[in-house]
Amino acid sequence: MPEAMVAARASDATNSATTQTVDVAVVGAGFAGLYILHRLRKAGFSAVVLEEGGDVGGTWYWNRYPGARCDIQTIDYSYTFDPELEKAWTWSEKYATQPEILRYLGFVADRYDLRRDIRFGTKVKQATWDEAGERWQLATDKGASVSCRHYIMATGCLSSPKPPEIDGVKDFKGEVYFTGRWPHEEVNLKGKRIAVIGTGSSGIQSIPIIAEQAAQLTVFQRTPNFALPAHNGTAPADRKTMLESDRAAYREQARWSLAGVPYPQQMDVSWQLSDAERRERFEKAWAAGDLVHILTQLWADQAVDVDGNKLVSELVREKIRGVVKDPDIAEALSPHDHPFGAKRPCLDTNYYATYNRPNVTLVNLRQEPIKAITASGITTDKRSFDVDVIVFATGFDAMTGAIMAVHPITGRAGKSLSSVWAQGPQTYLGLTVAGFPNLFMITGPGSPSVLSNMAVSIEQHADWVVDRLVALREAGFTTMEATETAQTGWARHMADCATLTLHRLANTWYTGANVPGKARGVMPYTGGVGPYRSICNEVVSGGMLGFRLKGPNGAEQCNDGEVVRLQPDVRLVLGMLAQMNLPPIETMGAQGARDFLDEFNKARPAGRPVGEVGEGMLQGADGPLPYKLYRPATPGPHPIVVYFHGGGWVLGDQQSDDPFCRDMCRRTGMIIVSVGYRHAPEHRFPAAAEDGYAATRWIAEHAAEFGGKPGPVLVAGWSAGGNIAAVTCQLARDRGGPPIAGQLLVCPVTDCSFDRPSYTENAAGYFLTRGLMFWFWDLYCSPADRTDPRVSPLRGKLEGLPPAYIVTCEFDPLRDEGIAYGDALAKAGVPVEQLRAHGQFHSSFTMVDVIITGVSGRAKMAEALRGFAGLPKQESERRAPPEINVAAK
Ligand code: N01
């Protein structure tokens with residue numbers, strides 16, 4: 001019998017019985033809970049929503065403090081599931097006030113008649129998985145307990161206010177308010193002496209309004225935040241026109257965007273723009289008054305690179321100095337401890353100007369921490385402030401608080417969610433947890449949630465979950481549970497994504513840093529809304545990858561595995577390449593392939609500036625060869641690295657790895673000379689190898705003319721260039737020099753055997769294919785010559801070679817031969833270090849500023865080169881991951 005029918009019968013009995021039996025119970029009647037209830041009903045499930053508040057609204061029910069508004073434009077911060085609903089409601093402002101948003105949610109509840117299945121004023125006290133019955137049993141503080149097959153936490157991310165953590169709050173004789181639990185009755189602040197503690201979004205929104213009412217306002221600031229003017233008013237015409245001209249396309253674009261608001265991906269990097277161009281973009285963003293605009297549209301490196309970010313941060317600080325008249329107060333209000341955007345910036349109305357008012361005082365808690373709250377006010381370690389009212393705008397136990405701290409949740413084998421999450425939240429897709437069958441979270445930790453337009457993420461999560469419940473029912477399964485493998489894989493993918501952005505560099509509620517004792521780590525998914533959506537879809541198309549489904553009579557389905565093993569940016573690049581549907585490179589002919597590569601390279605961001613870039617000719621094995629030289633900005637002489645580009649001995653030239661050479665030059669502080677060796681098929685084996693050796697010898701002999709340091713040179717190369725670098729070391733050892741201090745081999749070709757597993761596992765789909773490698777080999781080297789150590793250095797003598805740093809990538813056909821070379825060198829007594837980069841593909845490390853997750857690998861390569869050259873370890877930010885001093889609490 002369908003559960004809905006069971007439930008219908010059970011509901012009848014609820015009046016007299018003590019248990020309400022439904023298919024699905026949902027906690028929370030905010031944006032998420034309302035939509036899920038609507039979807040569940042339409043799908044024929046019986047459902048109840050349990051809501052602690054007295055009405056619908058969730059966060060908008062509780063956060064009624066003066067000035068509360070949304071910070072995503074309201075035309076975007078709306079439901080999109082029903083075009084009729086969109087027609088029926090018009091927002092009055094660009095950023096709606098809390099009362100208007102609450103009215104909207106009430107309107108939605110009425111329109112779909114949702115209230116009849118919502119139990120208001122009801123708190124879940126406990127949730128326990130009943131193994132035998134395969135149901136969740138919920139104890140409530142009011143009315144019937146609930147038995148449900150599926151349990152959905154639509155509890156929001158910022159709904160569990162955190163305690164103030166300041167001694168003496170109970171002693172205070174005046175009025176106390178929390179922004180996150182503001183009274184429903186009118187609060188009269190007129191003419192009072194008021195303290196506000198906290199300068200996050202809630203503080204920054206409320207402070208200007210409180211200042212207008214108060215006799216005296218004292219703001220206690222521990223950490224300044226970046227804020228930008230909202231420029232509220234009617235919705236901006238350009239966005240409105242975009243929406244109204246094609247509503248469906250606009251909404252669809254939002255669903256596949258990075259932040260859930262349709263903005264294009266910014267491609268220009270900061271160093272390509274002049275100061276004037278950067279300022280123009282910044283001023284435009286400042287005038288737009290739109291968080292997503294300023295966070296994504298300035299330049300491509302603003303959110304992923306410390307240097308690119310510093311440029312924005314300084315422009316915002318300049319704005320603060322321009323508004324706040326007292327320079328000391330302006331400085332105190334200027335954030336220096338975190339990158340712009342790493343902590344959620346705020347949208348304000350007159351926030352900074354408020355500090356020019358005579359009735360407003362800023363207390364910098366970094367200079368005078370609060371000692372205690374007393375009966376009459378607040379005492380810092382320098383002075384006392386008598387106040388009538390204290391407003392705590394001190395934030396929330398975010399993301400996990402509303403799920404974990406609200407009531408005990410006990411899953412399979414009696415395990416509690418709080419014990420499973422003791423070291424930080426573990427989830428699969430941010431939607432489910434291994435060991436907790438049929439439990440779902442909406443915008444939970446591990447989902448894009450708070451880093452996105454919540455309305456878009458909520459609809460996607462709710463649709464995904466309800467669609468899965470329907471599919472489960474249709475297939476006759478009763479439980480669905482994430483596997484440990486899938487969950488561990490998701491944790492790794494989350495960690496990979498977290499290295500992409502700068503969120504990890506700030507003490508914030510995103511990382512749990514705002515709650516003493518809470519486990520630290522970036523909790524929201526930083527990979528973006530669109531990529532996340534495609535991953536969720538892949539889980540389904542992959543046969544519910546990473547889920548165990550069970551049903552009556554032992555029915556079971558489990559397609560175990562990890563949904564994403566590639567680094568997030570590698571996944572994006574490979575996805576884009578797949579969409580281009582290019583013909584295989586080996587079918588283009590050598591010249592066609594060269595032309596294609598030239599075009600392809602033009603689409604990459606330009607390399608970063610170095611001290612000087614020069615060109616010239618050097619002597620190769622059989623005549624002059626071009627080279628390109630990269631010199632650091634620091635005074636010389638510098639050690640020299642002789643570099644060999646990639647391209648399978650057929651493609652590329654001395655400037656085709658330009659961004660990588662620049663990056664190495666900047667990171668190592670050394671001269672890089674990139675050699676234009678001869679190519680096949682015009683010049684077959686051993687031309688490239690002999691040119692490599694001859695060029696190295698020539699450069700070593702002419703080191704002083706390059707401004708190089710006397711003494712040994714270093715060699716480096718990528719792919720076929722790595723092959724040439726390795727061979728050069730062997731030839732230099734055997735032919736009487738030049739002395740080589742170290743070799744950096746990035747994804748090198750080392751052998752002519754093609755039967756190692758990586759050749760099969762990564763034969764296709766990762767740009768460098770097995771077929772392409774065969775083509776390269778055929779053009780360069782006849783089968784009879786292939787075992788010659790000048791092309792298969794793994795087959796040469798390995799003793800007495802310079803120390804090596806060998807980089808291999810997980811998704812590269814050449815992976816295993818690179819590892820084999822490293823292992824063989826070590827066996828031969830050569831000092832060798834290997835970097836086996838997980839989730840990367842053959843081109844990852846040379847696609848500087850495209851594959852951001854390659855930063856830490858490139859930093860390690862640079863450190864290895866410096867080590868070979870006898871230079872000290874670098875303390876600068878060039879090391880990765882870049883460190884920023886995060887102020888201690
Ligand atoms: O909370 P917060 P919030 N002593 O954690 C300070 C969303 N939101 O409620 O940074 C002294 O940001 C704390 O200092 P520090 C939005 O996503 C949206 O303001 O920890 N100070 C900080 O200054 C937002 O990000 C809107 O050093 C203490 C402040 O209190 C999120 O909710 C509006 C302290 C807390 O800031 C949270 O914002 C409002 C102590 N013991 C909120 N403890 C919209 O516009 C904490 N602080 C949609």
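Predicted, not measured: the structure shown is a model, and the values here were computed from it. Just so you know, ligand 1 is whichever comes first in the structure, and atom 1 is the first atom listed for that ligand.
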Q.
Applying a heavy-atom cut-off of 4.0 Å, say which part of Asp71 lies close to ligand 1: side chain, backbone, both or neither.
A. both

Q) Relative to the heavy atoms of Thr199, which atoms of ligand 1 are at a distance of less than 4.0 Å? A) 22 (C), 23 (O), 29 (C)

Q: Using the side-chain contact (heavy atoms from CB on, under 4.5 Å) rule, pick out the option among Leu291, Asp290, Thr296 that qualifies with His293.
A: Asp290

Q) If you measure from CG on Leu158 to CH2 on Trp62, what distance do you get to the nearest 0.5 Å? A) 15.0 Å

Q | Electrostatic pair Asp388-Arg193, nearest N-O below 4.0 angstrom | A | yes

Q | Atoms of ligand 1 close to Glu165 [distance to a heavy atom under 4.0 angstrom, numbered from 1] | A | 41 (N)

Q. Where on Tyr65 is there a heavy atom closer than 4.0 Å to ligand 1, on the side chain, on the backbone, on both, or on neither?
A. side chain

Q) Any idea which atoms of ligand 1 are less than 4.0 Å away from a heavy-atom of Cys70? A) 45 (O), 48 (C)

Q.
Please classify the Ala398 to ligand 1 contact at 4.0 Å (heavy-atom distances, strictly less than): side chain, backbone, both or neither.
A. neither

(Q) I need the atoms of ligand 1 closer than 4.0 Å to a non-hydrogen atom of Arg69, numbered in the order shown. (A) 44 (C), 45 (O), 48 (C)

Return a table of donor-acceptor pairs under 3.5 angstrom between the side chains of residues 317-324 and protein atoms on other chains or two or more places apart.
from	atom 1	to	atom 2	distance (Å)
Arg317	NE	Glu314	OE1	3.0
Arg317	NH1	Pro335	O	2.8
Arg317	NH2	Glu314	OE1	3.3
Glu318	OE1	Arg279	NH2	3.1
Glu318	OE2	Arg279	NH1	2.9
Glu318	OE2	Arg279	NH2	3.3
Lys319	NZ	Glu283	OE1	2.9
Lys319	NZ	Glu283	OE2	3.3
Arg321	NH2	Glu314	OE2	2.7

Q: State whether the side chain of Lys94 and the backbone N or O of Gly289 hold a donor-acceptor pair below 3.5 Å, judged by distance alone.
A: yes

Q: Compare Gln205, Lys162, Arg222 and give the one whose heavy atom is closest to atom 28 (C) of ligand 1.
A: Arg222

Q.
Distance under 4.0 Å to a non-hydrogen atom of Lys343: what atoms of ligand 1 satisfy this?
A. 10 (O)

Q.
For atom 2 (P) of ligand 1, which of the options Trp60, Trp509, Phe220 provides the nearest non-hydrogen atom?
A. Trp509

Q | Proximity to ligand 1 by part of Cys346, non-hydrogen separation under 4.0 Å | A | neither

**Q.** Flag side-chain contact, heavy atom, 4.5 Å: Arg69 against Thr74
**A.** no

Q.
Side chain or backbone, does Asn225 bring an N or O within less than 3.5 Å of an N or O on ligand 1?
A. no

Q.
Is it the case that ligand 1 has an N or O less than 3.5 angstrom from some N or O of Gly198?
A. no

Q) Can you tell which of Ser201, Cys157, Gly395 gets a heavy atom nearest to atom 1 (O) of ligand 1? A) Gly395

Q) Donor-acceptor pair, Trp421 side chain versus Met404 backbone, under 3.5 Å? A) no

Q. Phe172: what forms a ring pair (Phe, Tyr, Trp, His ring centres under 6.0 Å) with it, not counting sequence neighbours?
A. none

Q) Do the ring planes of Phe178 and Phe392 sit parallel (below 30°), tilted (30 to 60°) or perpendicular (above 60°)? A) parallel

(Q) Could you check whether any side-chain N or O of Asn359 sits under 3.5 Å from a backbone N or O of Ala214, counting only pairs where one atom can act as donor and the other as acceptor? (A) yes

Q.
If the contact criterion is a heavy-atom separation under 4.0 Å, does Val450 count as touching ligand 1?
A. no

Q: Just jot down the ligand 1 atoms closer than 4.0 angstrom to any heavy atom of Leu365, in number order.
A: 11 (C)

(Q) Taking 4.0 angstrom as the limit and counting only heavy atoms of Arg344, give me the atoms of ligand 1 inside it, by number and element. (A) 16 (C), 17 (O), 25 (O)

Q: Have a look at ligand 1 and work out which part of Ile166, if any, has a heavy atom under 4.0 Å from it: side chain, backbone, both or neither.
A: side chain

Q. Against heavy atoms of Phe396, which atoms of ligand 1 measure under 4.0 Å?
A. 9 (O)

Q. Between Thr508 and His338, does any side-chain donor sit less than 3.5 Å from a side-chain acceptor?
A. no

Q) When you check the side-chain N and O atoms of Thr354 and Asn350, is any donor under 3.5 Å from an acceptor? A) no

